[in-house]
Structures are given as C-alpha cells and as structure tokens.
Amino acid sequence: MKTLYFCLYLGTIFSLGISANTTPSEYYDPNEDPHSLILWKNLFDKVNSLLENTDQLHSKFLDMSKRIDEISKRQEEQQTQLNELMKTMQPNPNVLSPMSKINGEVAIEEKPKLSPQPKPATEWTTILRRQDGSVDFYRNWTEYKNGFGNPPNGEFFIGLDKLHELTNQDPPQVLTVILRDWRNEERYANYSFFKIDNEAEKYKIFALGNYEGNAGNAMAFHLGQAFSTYDQDNDGTNVQNCAERWHGAWWYDNCYHSNLCATYRQEHDKFSKGIAWMQWKGHDYSLKYAEMKIRPKK
C-alpha cells in the first residue's frame with residue numbers, strides 16, 4: 001500500500017515536472033497566477049499526509065501479522081500437548097498387570113463371576129389362587145392332597161402334603177389372604193403363625209397366630225378344624241357334609257366363615273354362594289379374586 005501511494009506521488013511530480021527536492025517556492029513563477037503557489041503547497045501537503053498515513057497503516061499491518069503468527073504457533077503447541085495426553089489415556093495392550101502372570105506365563109484375565117444370589121428369606125409362596133374359574137375346585141381328597149391346577153400364574157392349589165411340609169419348618173410361616181370384589185376393591189388378612197398338621201390329623205389348622213388386616217378375621221372360625229372334601233367328611237357337624245353341600249373343599253366347621261375353594265361365580269352371578277369371606281361381603285357374595293400366600297417369618 002505504501003508503495004502504491006509513493007508511485008502515485010512520483011507520477012504526480014514527474015507529470016508536473018517537479019523534482020523530488022522541488023519546493024513550492026522554487027517552482028513558483030511570479031509571472032503566473034499568484035494563487036498557484038498556494039495550490040501547489042496544498043498539493044504537496046496532501047501528498048505528504050498520505051505518505052505518513054501509509055507508514056502508520058503499514059506499521060499496524062506488521063503488528064497484526066506478528067500477533068496472528070503468535071496465536072497460530074500457540075494453537076499448534078496446544079494441539080501437540082492434547083495429542084500427547086490422548087496417547088497416555090489409551091490402554092497399552094502390551095502392558096500386563098501384575099496379576100496377569102502366573103508361574104512366569106502370560107494369562108488372560110477374566111472378570112470375576114458373580115455367584116447366584118440366594119433368594120430373600122421374605123419371598124412369598126402362593127398356595128392358592130382363584131381368579132377366573134378356569135380350574136374346577138370340586139375335587140376329591142387325593143387331588144387336594146397332591147395339588148392341582150395351573151401354577152404359577154393360573155388358578156391352582158399347592159397341595160395339602162406340600163402345605164404341611166412348608167408350614168412345619170423353621171422359621172415359622174406367616175399367611176396373608178388377598179381378596180378382591182367385582183369393583184376391584186382389595187382387602188387383606190394377615191396371620192402371624194400358620195401351621196397345618198399332617199394327613200393322619202386330616203391336615204387340620206394347627207395355628208394361625210395373630211390377625212391383622214382390613215378384610216375381617218374370617219379364618220379364626222376354622223382354627224383347629226380338619227380339611228374336608230366331598231369324599232372325606234371331616235367337618236364339625238354330623239348333619240351334613242359341608243364340602244358336598246357347598247360344592248368345594250375347606251377346613252369346614254358348621255360350615256364356614258370363609259370358603260375360598262367353593263364354586264367360582266362370574267360377575268353376573270356374584271350375589272350367590274361361592275368364594276366367600278363372610279366378615280367382608282357375607283355369605284351371599286362371590287368374590288372375583290382370592291389368593292393365599294405364605295413366607296418365612298422375619
């Protein structure tokens with residue numbers, strides 16, 4: 001840029017016949033217009049001012065170029081440092097940990113295998129479920145002894161032999177009964193110590209423990225009662241076979257306050273004798289859902 005302005009300056013001088021050392025007073029001819037000296041002086045002043053500005057711009061340009069070079073160099077140094085850092089973070093496949101050598105030989109390290117965790121002691125075991133009427137519960141003594149139905153998700157009864165085994169081990173078992181009506185309202189009854197006798201004792205309810213819940217203590221009526229089926233009348237009355245009369249099986253007395261193995265009624269027939277819990281819905285309401293579960297006492 002400075003060169004351009006200087007060339008323009010020289011071109012102006014030579015075109016006018018002015019030497020580099022010529023001053024306005026030397027060039028002035030007294031026979032010419034008196035204003036010509038003033039014009040030439042203004043022209044020289046403007047040219048000199050342009051040259052000074054050109055020097056300043058050139059100096060600023062050099063400073064800026066120097067700063068740009070410094071910034072570029074700093075960026076290159078930072079990139080080099082970053083690349084070195086990334087190299088140190090990558091694992092070296094040729095370096096083995098101290099545990100990778102066994103008896104002087106290279107061994108492949110394996111992740112430790114986790115042993116299966118034991119089931120928690122509070123896990124529930126379902127012993128009875130009624131939910132849709134898909135399984136007939138009007139069965140004989142042998143079937144109730146051995147169990148039947150479609151566990152674990154369908155309707156089923158676990159079997160009296162298995163129930164006796166589970167409730168006669170340490171720690172003692174607790175029982176919970178879950179009930180739902182046809183509006184899907186849910187109630188429960190918990191018993192703190194549930195134990196069933198063996199077949200010689202007709203699988204009677206030996207213990208229930210303490211009651212807690214909001215369904216009502218309907219099982220208390222059956223404490224100490226033996227189990228009955230239509231072909232094994234072990235109930236507390238000599239007048240009738242409760243299992244045969246109510247088309248099911250249970251720990252009947254004369255006859256029941258609860259009866260979860262009776263006929264399953266569908267919703268349109270819910271106001272009939274069926275799956276009953278007297279202390280909640282009475283004798284003449286058949287529940288939509290009933291489940292009995294046990295677990296070891298904490």
Side-chain angles (χ1 to χ4, degrees), residues 116-169 171-196 203 205 208 211-216 218-219 222 227-230 243 246-251 256 258-270 272-277 279-281 285-298:
Q117 295 298 312
K119 293 183 179 180
T122 57
E123 183 176 354
W124 290 99
T125 298
T126 300
I127 62 174
L128 175 144
R129 183 184 295 118
R130 308 296 304 279
Q131 62 188 13
D132 52 23
S134 58
V135 174
D136 183 9
F137 273 64
Y138 190 49
R139 296 175 180 257
N140 62 32
W141 181 264
T142 301
E143 290 175 294
Y144 269 97
K145 173 183 175 180
N146 297 327
F148 57 86
N150 302 310
N153 299 317
E155 291 197 329
F156 70 95
F157 180 68
I158 197 171
L160 293 165
D161 268 353
K162 184 66 174 178
L163 187 56
H164 165 70
E165 177 187 342
L166 291 172
T167 59
N168 283 267
Q169 61 185 13
Q173 301 290 303
V174 298
L175 166 71
T176 188
V177 181
I178 300 172
L179 308 168
R180 294 191 201 113
D181 65 9
W182 287 94
R183 295 182 301 175
N184 287 319
E185 180 182 350
E186 186 172 291
R187 298 289 181 93
Y188 71 94
N190 292 339
Y191 296 91
S192 63
F193 178 30
F194 184 53
K195 185 175 182 179
I196 301 297
Y203 302 109
I205 299 178
L208 282 172
Y211 162 80
E212 184 270 329
N214 59 6
M219 288 294 289
H222 304 275
F227 199 83
S228 291
T229 59
Y230 67 79
W246 301 114
H247 209 74
W250 198 244
W251 293 275
Y256 65 85
S258 63
N259 192 7
L260 303 187
C261 292
T263 301
Y264 188 93
R265 308 287 184 184
Q266 298 298 328
E267 185 174 10
H268 67 273
D269 200 22
K270 63 186 177 183
S272 303
K273 289 181 171 59
I275 300 173
W277 196 270
Q279 276 77 355
W280 181 26
K281 291 291 186 178
Y285 186 97
S286 185
L287 296 166
K288 176 182 179 180
Y289 183 89
E291 184 178 23
M292 299 177 71
K293 301 190 297 183
I294 60 173
R295 64 165 173 78
K297 190 172 184 178
K298 294 180 182 179

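These values consider heavy atoms only, across backbone and side chains, with no hydrogens, waters or symmetry-generated copies. For clarity, every value in this text was computed on a predicted model and none was experimentally measured. We count residues from 1, following the sequence as given.
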Supply the atom-to-atom distance [X] [atom1] to [Y] [atom2], rounded to the nearest 0.5 angstrom.
| X | Y | atom1 | atom2 | result |
| --- | --- | --- | --- | --- |
| Leu163 | Ile205 | CG | CD1 | 9.0 Å |
| Ile127 | Leu166 | CD1 | CG | 8.5 Å |
| Leu208 | Phe194 | CG | CZ | 6.5 Å |
| Ile158 | Glu165 | CD1 | CD | 9.0 Å |
| Arg180 | Ile275 | CZ | CD1 | 12.5 Å |
| Leu175 | Met292 | CG | CE | 5.0 Å |

Could you tell me whether the side chain of [Y] reaches within less than 4.5 Å of the side chain of [X], counting heavy atoms only?
| X | Y | value |
| --- | --- | --- |
| Thr126 | Phe156 | yes |
| Leu260 | Trp277 | yes |
| Trp280 | Tyr285 | no |
| Thr263 | Arg265 | yes |
| Glu291 | Trp124 | no |
| Pro296 | Gln173 | yes |
| Ile294 | Val174 | no |
| Leu128 | Cys261 | yes |

Can you name the ring-ring contact (aromatic ring centres under 6.0 Å, His included) partners of [X], sequence neighbours left out?
| X | result |
| --- | --- |
| Tyr264 | none |
| Phe137 | Phe148 |
| Tyr211 | Tyr191 |
| Trp246 | Tyr256 |

Side chain of Thr176, backbone of Asn190: donor and acceptor closer than 3.5 Å?
no

His268 backbone acceptor or donor facing Trp182 side chain under 3.5 Å
no

Under the side chain to side chain contact (heavy atoms under 4.5 Å, CB included) test, which residues partner Thr229, sequence neighbours left out?
Trp141, Tyr144, Phe227, Asp231, Gln232, Ala249

Could you tell me which residues satisfy side chain to side chain contact (heavy atoms under 4.5 Å, CB included) with Ala262, sequence neighbours excluded, listed by chain and number?
Asn259

Give every residue pair that meets the side chain to side chain donor-acceptor pair (under 3.5 Å) criterion with at least one member in residues 145-155, sequence neighbours excluded.
Lys145-Glu199

Residues in side chain to side chain donor-acceptor pair (under 3.5 Å) contact with [X], at least two apart in sequence or another chain:
| X | value |
| --- | --- |
| Tyr188 | Glu212 |
| Asn184 | Lys288 |
| Trp250 | Ser258 |
| Asp132 | Ser134 |

Might you confirm whether atom NZ of Lys293 has over 12 heavy atoms from other residues, nucleotides or ligands at distances under 6.0 Å?
yes

Shortest non-hydrogen contact from Gln279 toward Gly216:
CB-CA, 3.8 Å

Nearest heavy atoms of Ala243 and Tyr138, plus distance in Å
O-CE1, 3.8 Å

According to salt bridge (Lys or Arg N to Asp or Glu O under 4.0 Å), who are the partners of Lys281, at least two apart in sequence or on a separate chain?
Asp181

